[in-house]
Number of protein chains: 2
Amino acid sequence: MRRFRVPDVVIRRLVIYLRILNEMELETGPHYISSQELGQRAGVSPAQVRKDLASFGEFGKQGVGYEAHNLREELRSILNQDRPIKVAIFGLGELGRALTRYLNRCPHGEECDVFHITAIFDSDPRKIGQTFEGVQVSPPDALPAKMEREGLDIAIMTVPASAAQMVADLCVQAGIQALLNFAPVKLFVPDNVRVHYSDVTLELQQLSFYLS
Amino acid sequence: MRRFRVPDVVIRRLVIYLRILNEMELETGPHYISSQELGQRAGVSPAQVRKDLASFGEFGKQGVGYEAHNLREELRSILNQDRPIKVAIFGLGELGRALTRYLNRCPHGEECDVFHITAIFDSDPRKIGQTFEGVQVSPPDALPAKMEREGLDIAIMTVPASAAQMVADLCVQAGIQALLNFAPVKLFVPDNVRVHYSDVTLELQQLSFYLS
DNA sequence: TAGATTGTTAATCGATTAACAATC
DNA sequence: TAGATTGTTAATCGATTAACAATC
């Protein structure tokens, strides 16, 4: 058990380190990587790499570096990437379909194959009952039952902005712990629920600022 | 001209303030909003709102607040949202199509309607020459000519991870100033080019860490 | 005028970087 | 052993918050 709270930004970098180690897995034999090299590939300083890793344990050997395969396993464990994660999609519009296919198509052995889309919700009566990518579309009010029977870890929200807060409330109510929201609205949820955002318009607007 | 460099995170919040003011535009008559209220809606402290705005000028009135319409116009100007922004899509896969439709469907008056998709690139010979959403698909090597003739502000990259760096190099070469990359790889570009990332797998992995 | 709220400065908080003893 | 690199502490840097005089 760690003594101190680890900042979000550290977790984000751990994911990036894991990604680099996954790419290195192809190389054969035991293989050591230094904070120097890992940092270079990740675009951060060696000191930062060491500090990030040190908040979870002592994974390296002085004078040598980190054994790549071992470090990968440690990171997978820290980041809960060593077990399947159940994902629900809310809103089977174009984006919802694209994401579902993207995650399902994930080549075996890739990092995304731990995510399993086990539920799809949409309020459109014409979509309810249909099957998409092997999953039957349910109405949002079927969430609590689904949650109870099979459990869900993360909800991906690709619903219209106007519906987002309502759907978030539903998820919170049902006990989902993490939301990935694609709608361009801030969601208000209790502290024990994590919300991340993916907001294309916001990114484009931010980029616009830096133009000439 | 501002004296000091404004941090990225401030710009990101300005976009959020603008979004809130856009929503308020519907309300009629002159309308003042305080840093208190704007902060509440944006999920930040009033002091932060005032400090963010103050890095670009004095837009408020003591004892009253900020005139909503005026502040909106100021922010639109600061963020370059008062002129059309030309966007290119690289990679017309499922995600590329979804994003193109999303940006084109933007209801008039919404924040996204300043972004115009004026070019689509894909290396698949079967797609080249086809028209999607009124734009003809070109091969990537047509970029320099396109750039010269019409100009492009931002490139959205929805290409496979393996092609991302190559496409980024191409964009840099052609003089594009900002990239929004959906491929799960870090891009190495010169300092004068901005890269933002939208990385669903990374977000899901980060969220996984916080589960139970 | 009295009440409210800005713009700004100083204080606090937190994250990054530098440096180095420990040690493989 | 000599060279290299870790884990960790102290120094630096930067962003957020608190506080308040100015003023509408």
Test B:S198 against A:E203 for side chain to side chain donor-acceptor pair (under 3.5 Å), laying out the working first. CA-CA 9 Å; B:S198 175; A:E203 298 294 344; over 6 Å; no
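When base pairs are accepted only as Watson-Crick or G-U wobble with both N-N or N-O distances under 3.5 Å, DNA chain C takes part in stems of 3 or more pairs at C:3-24 with D:3-24.
Evaluation of the side chain to side chain donor-acceptor pair (under 3.5 Å) rule for A:Q206 yields B:R12 as partners, not counting sequence neighbours. Evaluation of the side chain to side chain donor-acceptor pair (under 3.5 Å) rule for A:Q165 yields A:D169 as partners, not counting sequence neighbours. Every residue meeting the salt bridge (charged side-chain N to carboxylate O under 4.0 Å, His left out) condition with B:D8, not counting sequence neighbours, appears here in chain and number order: B:R194. The ring-ring contact (aromatic ring centres under 6.0 Å, His included) check on B:F90 picks up B:F121, with sequence neighbours excluded.
Applying the ring-ring contact (aromatic ring centres under 6.0 Å, His included) test to pairs two or more places apart or on separate chains, none has a residue in residues 158-179 of chain B. Applying the salt bridge (Lys or Arg N to Asp or Glu O under 4.0 Å) rule to pairs touching residues 42-71 of chain A yields A:R13-A:D52, sequence neighbours excluded. Within the structure, the side chain to side chain donor-acceptor pair (under 3.5 Å) test picks out no pair touching residues 172-184 of chain A (sequence neighbours left out).
Atom-to-atom distance recorded for B:L180:CG and B:I156:CD1 is 5.5 Å, nearest 0.5 angstrom. Summarising the geometry, atom NZ belonging to B:K86 is positioned 12.0 Å from atom CD1 belonging to B:I176; distances are rounded to the nearest 0.5 Å. Here NZ of A:K146 is found 5.5 Å from OG of A:S138. Values are rounded to the nearest 0.5 Å.
Electrostatic pairing of B:D153 and B:R83 counts as a salt bridge here, judged by a charged N lying under 4.0 Å from a carboxylate O. Remark: A:R19 does not engage A:E110 in a salt bridge, criterion side-chain N to carboxylate O under 4.0 Å.
Taking atom CD of A:E67 as the reference point, atom P of D:dT6 lies 14 Å away to the nearest angstrom. As a whole-Å value, the separation of B:E58 CD from D:dT23 P is 10 Å. The interatomic distance linking B:L53 (CG) with C:dT5 (C1') rounds to 13 Å, in whole Å.
Residues from residues 14-22 of chain A placing a heavy atom under 4.0 Å of any atom in DNA chain D do not occur. Against DNA chain D, the stretch residues 32-41 of chain A makes heavy-atom approaches under 4.0 Å through A:S34, A:S35. Using a 4.0 Å cut-off on heavy atoms, none of the residues of residues 69-80 of chain A approach DNA chain C.
Remark: A:Y66 is in phosphate contact with D:dG7, judged by side-chain N or O atoms under 4.0 Å from OP1 or OP2.
Annotation: of the two residues near DNA chain C, B:A54 and B:V64, the 5′-most nearest-nucleotide partner is B:V64.
Neither side chain, B:E150 nor B:T118, offers a donor N or O lying under 3.5 Å from an acceptor on the other.
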Reading nucleotides 14-21 of chain D from the 5' end, what letters show protein touch, with B for base, S for backbone sugar-phosphate only, - for no heavy atom under 4.0 Å? -SBBBB--
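Checked by atom type and distance alone, the side chain of B:E23 never pairs as donor or acceptor with a backbone atom of B:L21 at under 3.5 Å.
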